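The model shown is predicted, which means the values in this text are computed figures rather than measured ones. Naming: A, B, ... by sequence-line order, numbering from 1 per chain. Side-chain atoms are counted along with the backbone in the values below, which use heavy atoms only and exclude waters and symmetry mates.
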Amino acid sequence: MEKKVIINEERCKSCGLCVSVCPKHVLRISDRINSKGYHPAELFDNENCISCGFCYLICPDMAIEEVRRPEPVKK
Amino acid sequence: MGEKVLMKGAEAIAEAAIRAGCMAFFGYPITPQNETPEYFSRRMPELGRVFLQAESEVAAINMVYGAACTGTRVITTSSSPGISLMQEGFSYIANSNVGCVVVNAMRGGPGLGDIAPAQADYFQATKGGGHGDYHSIVLAPHTIQETVDLMYDAFDLADKYRIMVVMLVDGLMGQMMEPVEFKEWVDVKKFKTPEWATVGQGDRDHRNIITSLEILPEGLEKMNLALQAKYKKIKENEVRLEEYEMDDAEYALTAFGTVARIAKTVVEMARKDGIKLGLIRPITVWPFPEKEVAKRADQVKFFFDVEMNEGQMLEDVKLAVNGKKPVHYYGRLGGVVPTAEEIYGEFKKLVGGK
Amino acid sequence: MKLIYKKPDTITERDTTYCPGCPHGIAHRLIAELLEEMDLVKKTVIVWPVGCSVFGYYFIATDAVEAAHGRACAMATGIKRAHPESFVISYQGDGDLASIGIAEAVHAAARGERISVVYINNGNYGMTGGQMAPTTLIGQVTTTTPYGRKPELNGFPMHVPEMFAALDGPAYIARAALDSPQHIIQAKKFLRKAFTAQKNNLGFSLVELISACPTNWKMTPVEAMERIRKQVLPVFPIGEFKVAKGVE
């Protein structure tokens with residue numbers, strides 16, 4: 001499945017606010033290092049993400065560039 | 001047009017600014033120039049233009065700064081203590097390359113001083129005044145008619161160079177009445193918002209940012225060099241002075257503003273006595289007419305600088321003369337206006353002493 | 001996939017100069033979103049202050065000017081009076097607005113200037129290294145209140161919206177907080193009303209945004225947001241203090 005949260009890892013400053021507000025605990029700070037020297041946040045559990053957008057709302061660096069929700073499956 | 005009207009200086013200043021296309025006034029009351037904002041407050045609304053009494057001179061100059069960023073012809077008028085409060089704003093305006101006109105009806109200082117006419121803000125006006133390396137164009141008219149005429153030029157210069165232009169007058173000029181004649185109205189319908197103005201991006205393909213901030217020293221040096229290049233251009237092109245009875249002069253008075261007007265009488269008194277005295281009167285005190293003064297150093301026996309301060313323009317005269325001839329000085333302080341007889345008496349002492 | 005949120009185009013690609021977890025960026029994004037949603041981007045001039053957000057014009061892509069410290073409301077007044085068609089925002093911190101610039105802010109409010117002020121309160125002077133601000137809480141340690149702010153020495157925190165709401169000039173005055181997604185959604189609603197006040201020519205508008213300064217508070221960003229809820233909001237309660245007709 002396509003990612004529900006698009007993170008621009010280069011913009012991330014690893015503040016951890018997105019991780020702290022995620023109600024489903026699907027975000028974490030990764031082991032990678034961006035060019036600024038920060039460990040960017042990552043969505044590690046796309047499946048359980050509910051696309052609430054809390055991470056987008058709290059992100060002070062506009063690093064969460066997009067939040068998407070899957071279209072409801074037509075019966 | 002062409003008709004002479006009898007007007008108080010402080011009101012003529014406002015009327016001239018209005019006719020010169022001034023679209024906005026921001027200011028704060030201070031004696032001895034309150035008739036100027038009062039006049040604006042009547043006339044500007046009639047013409048659909050902006051008059052706003054600010055909460056302080058600090059606010060007033062920053063309102064002027066804001067309006068100047070929109071490319072609008074804007075003015076503030078004040079007197080010495082108020083002008084001191086505006087210095088921070090002047091410095092920002094300088095490094096932002098926006099234009100405005102500021103009238104300083106100088107009064108006696110320092111501190112609260114008095115409300116009598118003085119010329120003690122010469123350094124402040126011509127050497128910058130606020131922080132950083134900058135200048136404003138400073139015009140020093142000596143009659144109300146000249147003030148009125150120069151007001152048109154002040155706005156043109158402010159627009160042309162995107163610079164602050166100071167009209168350096170004194171309390172006397174504001175308070176006296178003289179017949180004046182105004183030039184044609186500037187057609188404000190022809191005004192267009194300049195390309196660089198910050199009014200919202202609109203159809204422009206780029207956005208405009210006006211700032212005096214550049215955090216990198218090399219970048220700020222570049223901004224400074226650009227300012228200096230502008231000042232050089234102004235020095236080359238905008239120097240103005242009047243030389244009165246200087247063709248055959250053996251002695252030269254140097255004076256600006258009100259004192260220069262009195263000095264003309266001194267010249268006439270001397271000429272009656274057969275003494276060849278002339279007057280060099282800078283109209284732009286920044287840029288100072290250094291070349292013109294220097295040239296006269298070969299001609300005259302000495303210079304006699306007279307001011308209503310402790311000898312401020314004196315320094316510029318001395319720099320221009322550069323030791324070639326003596327430069328004497330006489331001045332009154334604290335708002336005392338010297339009489340022609342008094343100045344002539346001092347001059348005769350100098351001549352007699354030779 | 002349906003797009004729920006997207007970074008506004010009016011936010012530039014440039015990285016902000018703010019510390020990790022500094023809510024300035026949240027405020028910037030809310031402004032950018034609203035300018036786009038209200039079709040105001042091309043009419044807007046933002047007056048940026050002296051403080052951490054001094055480089056704000058690098059991050060929000062509108063026409064902009066940089067004011068002297070505390071003079072943003074005066075400069076905004078000059079722009080708006082000279083060019084009333086412009087949409088003018090004054091973005092100021094608590095040192096800039098409530099301390100050195102309080103006169104300019106109060107009088108702009110009293111005159112009912114058609115400008116919108118976004119007022120960031122993080123309880124200290126961030127850029128200069130965390131000195132006491134007019135909004136510093138009683139007991140709060142800063143670099144200039146090393147023993148904590150004492151009322152007998154430093155007086156009391158200033159409540160700007162409550163003060164301004166007593167004036168007749170403002171059309172909309174509110175306080176919101178940037179500590180949680182819920183509060184951020186509410187902050188955007190308040191800012192929308194503030195911008196509407198100007199758009200509809202109703203008068204002066206101001207929204208105080210309770211913010212954090214994790215670096216100078218010496219906390220993690222998450223701890224700083226918790227401090228807002230536990231210590232700051234009880235002193236600076238969220239709410240609307242003045243809502244003129246036509247703002248809704």
Side-chain angles (χ1 to χ4, degrees), chain B residues 22-26 28 44 48-74 76 86-93 95-96 98 100 130-131 191 193 196-204 206-215, chain C residues 10 12 17 35 39-51 53-90 100-111 113 115 127:
Chain B
C22 176
M23 300 303 287
F25 170 97
F26 301 93
Y28 186 80
M44 295 298 257
R49 304 186 191 179
V50 177
F51 170 88
L52 183 61
Q53 181 172 324
E55 60 271 27
S56 67
E57 284 92 351
V58 174
I61 192 59
N62 284 284
M63 291 171 183
V64 167
Y65 183 18
C69 288
T70 69
T72 301
R73 286 196 162 187
V74 58
T76 188
M86 294 182 185
Q87 294 299 327
E88 179 197 39
F90 295 169
S91 174
Y92 279 71
I93 285 167
N95 205 23
S96 298
V98 291
C100 65
H131 58 285
F191 287 171
T193 301
W196 51 263
T198 49
V199 293
Q201 187 177 335
D203 297 331
R204 253 185 279 123
H206 61 279
R207 63 194 182 102
N208 289 333
I209 298 167
I210 294 179
T211 177
S212 60
L213 173 70
E214 170 53 66
I215 206 78
Chain C
T10 309
T12 67
T17 39
L35 293 180
D39 197 22
L40 291 168
V41 177
K42 300 286 182 190
K43 293 177 74 176
T44 297
V45 185
I46 305 183
V47 184
W48 293 97
V50 171
S53 51
V54 72
F55 287 123
Y57 46 81
Y58 288 139
F59 316 130
I60 302 183
T62 65
D63 271 12
V65 296
E66 173 57 54
H69 192 26
R71 315 296 164 228
C73 276
M75 211 174 168
T77 297
I79 295 168
K80 189 71 179 182
R81 294 279 180 137
H83 204 267
E85 309 85 61
S86 296
F87 187 81
V88 184
I89 296 172
S90 178
I100 192 168
I102 190 70
E104 285 78 4
V106 166
H107 284 276
R111 286 191 304 266
E113 290 298 337
I115 60 172
M127 189 177 70

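Heavy-atom pairs under 4.5 Å with chain B peak, among C:E85, C:K43, C:R111, at C:R111. Taking chain C as the reference chain and counting heavy-atom pairs below 4.5 Å, the highest number among B:T72, B:T70, B:N208 is found for B:N208. By number of non-hydrogen pairs under 4.5 angstrom with chain C, the leading residue of B:N62, B:V50, B:I61 is B:N62. For the set C:V88, C:I46, C:T77, the entry with the most heavy-atom pairs within less than 4.5 Å of chain B is C:T77. In terms of heavy-atom pairs under 4.5 Å with chain C, the best-connected choice from B:L52, B:T211, B:V199, B:T193 is B:V199. Between chain C and the residues B:G202, B:A60, B:A24, B:S212, the most heavy-atom pairs under 4.5 angstrom are made by B:G202. The choice from B:Q201, B:E55, B:R49 that makes the most heavy-atom pairs within less than 4.5 Å of chain C is B:E55.
Of the atoms belonging to C:F55, it is side-chain heavy atoms, and not backbone ones, that fall under 4.5 Å from chain B. For B:A197, the part lying under 4.5 angstrom from a heavy atom of chain C is the backbone only. Looking at C:A76, there are no atoms closer than 4.5 Å to chain B (heavy atoms on both sides), in backbone or side chain.
Rounding to the nearest 0.5 Å gives a distance of 7.0 Å between OH of C:Y57 and CD1 of B:I209. For the atom pair NZ of C:K80 and CD of C:E113, the computed distance is 9.5 Å after rounding to the nearest 0.5 Å. In this structure, the separation between SG on C:C73 and CD1 on C:I115 is 4.0 Å, given to the nearest 0.5 Å. Taking CG of C:D63 as the start and CD1 of C:I79 as the end, the distance is 9.5 Å to the nearest 0.5 Å.
The closest donor-acceptor contact from the side chain of B:R73 to the backbone of B:M23 lies at 3.5 Å or more, if one exists at all. The closest donor-acceptor contact from the side chain of C:S53 to the backbone of C:G56 lies at 3.5 Å or more, if one exists at all.
For B:Y28, the OH atom counts as loosely surrounded, since its 6.0 Å shell holds 12 or fewer non-hydrogen atoms of other residues, nucleotides or ligands.
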